[in-house]
Amino acid sequence: MNRRQLLRTTGLGLVGGAVAHAGVASKADALPEKSQPKPLSLADYEPKSMLQVRETHVERARFPVIDIHTHISFSAKSQNGIELSPECSYQGTPKELLAVMDRKNIRSMVNLTGGYGAGLAETVNKYDRAHRDRFYTFTVPSYADLLKPDYPKLQAQAIEEAHRNGARGLKILKTLGLYLRDNITSGKLVKIDDPRFDPMWDTCGQLNMPVAIHVSDPIAFFTPTDRFNERYEELNNHPDWSFYGGDFPSNAELLDARNRVFARHPKTRFIVLHVGNFSENLANVSENLDRFTNMNVDIAARIGELGRQPRTARSFFEKYQDRILFGTDATPHGDEYPQQVFNDQLYEIYYRFLETDDEYFDYAPAKVPPQGRWRIYGINLSESILSKVYNGNAARELHLTV
Ligand SMILES: [Zn+2]
């Protein structure tokens, strides 16, 4: 009988591992084969929760929904992350989208990336005009013209033209701040508060067109993709999403430049996407909402963040109930990104998060949580807050009657 067997027979087997660690025998010698650790790659790990708690199935939203943040179309041509074509490629037909919308009580989808110039006119005709009040389209800047000497004026005129063609607002992608460069695709990064865009921001204010702006990205994308990164798998799957190192500004520098734009254009209304792009720090978002009365936020692709801090999130919704808009970032056939794929399940998860106090459920329709390995908790908002978040706040910003 060796030492280990002796321990087991005396009822002290549990400490056997510790004895082995202490150098009495190597681990492999000491442990029977069954209890030896087996390697398992992180990518293959799909734990199923054993927790038995209530599961509420919220098939339809309590109030008609305006989804302020969707992508039904994209620029037909882009290079180094910069959209270079006025024309769009379309991700879904009105018919297939309307089927989901009707099932899920979605009154309207706002397609933020509707192109510009002739491309925008085509998008508006295909969706907004063909199905009134079911689709609204935003325009995007024509960065391809950036090097023209009169770009500031041209861009302001392009906004006026887009308004005449039916655009409801302007979308700024994270292109500004993280991709667009002095020579468009090369050179130094162009700053978010570059004065060349001032006439564009002002024109949006004059025409009552809200600016839906995406600045920066999750804070984990600005730290090394290593074993300490809570979004390691996501960044490992999409290395180009990392803004760590290189000549990228910090998250704080990006948000500061953005805030200077808000301060300089108080008559322009901004919908700051992805919970002000700092859902990991709602104190920061609150501070900015207090500071800038022209700022609102949407919740698109961030219920994973909001739902892992349900008490803080609920207070945030209570305090800023007039400033938060429902959005998802939904993209038809965007299967590669389950947190924003346009389908019934995605909307049911959002509704469950907002309307129930269910515990510990998936924030995306995926086998493994795609934005970090955790699950979320519902925040059970009151009817009056739900109605503002689902449509009231968006209707006010878009000048609609629901
Ligand atoms: Zn988006």
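Atoms within each ligand, like the ligands themselves, are counted from 1 in listed order. On a predicted model such as this, the values are computed, not experimentally measured, just so you know.
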- Message: With a 4.0 Å cut-off on N to O distance, would you call Arg308 and Glu305 a salt bridge?
- Response: yes
- Considering only NZ, NE, NH1 and NH2 on the basic side and carboxylate oxygens on the acidic side, decide whether Arg231 and Glu234 come within less than 4.0 Å. yes
- Query: Hey, which N, O or S atom on Asp329 ends up closest to the Zn ion (ligand 1)?
  - Reply: OD1
- Closest to the Zn ion (ligand 1), which N/O/S atom of His71 is it? NE2
- Could you grab the distance from atom NZ of Lys174 to atom CG of Leu273, nearest 0.5 Å is fine? 11.5 Å
- Message: Within 2.8 Å of the Zn ion (ligand 1), is there any N, O or S atom belonging to His69?
- Response: yes
- Task: Using a cut-off of strictly less than 2.8 Å, determine whether His274 has an N/O/S atom near the Zn ion (ligand 1).
- Result: no
- Message: Looking at Tyr151, I'd like to know if the NZ or CZ of Arg196 sits under 6.0 Å from its six-membered ring centre while staying within 45 degrees of the ring's axis.
- Response: no
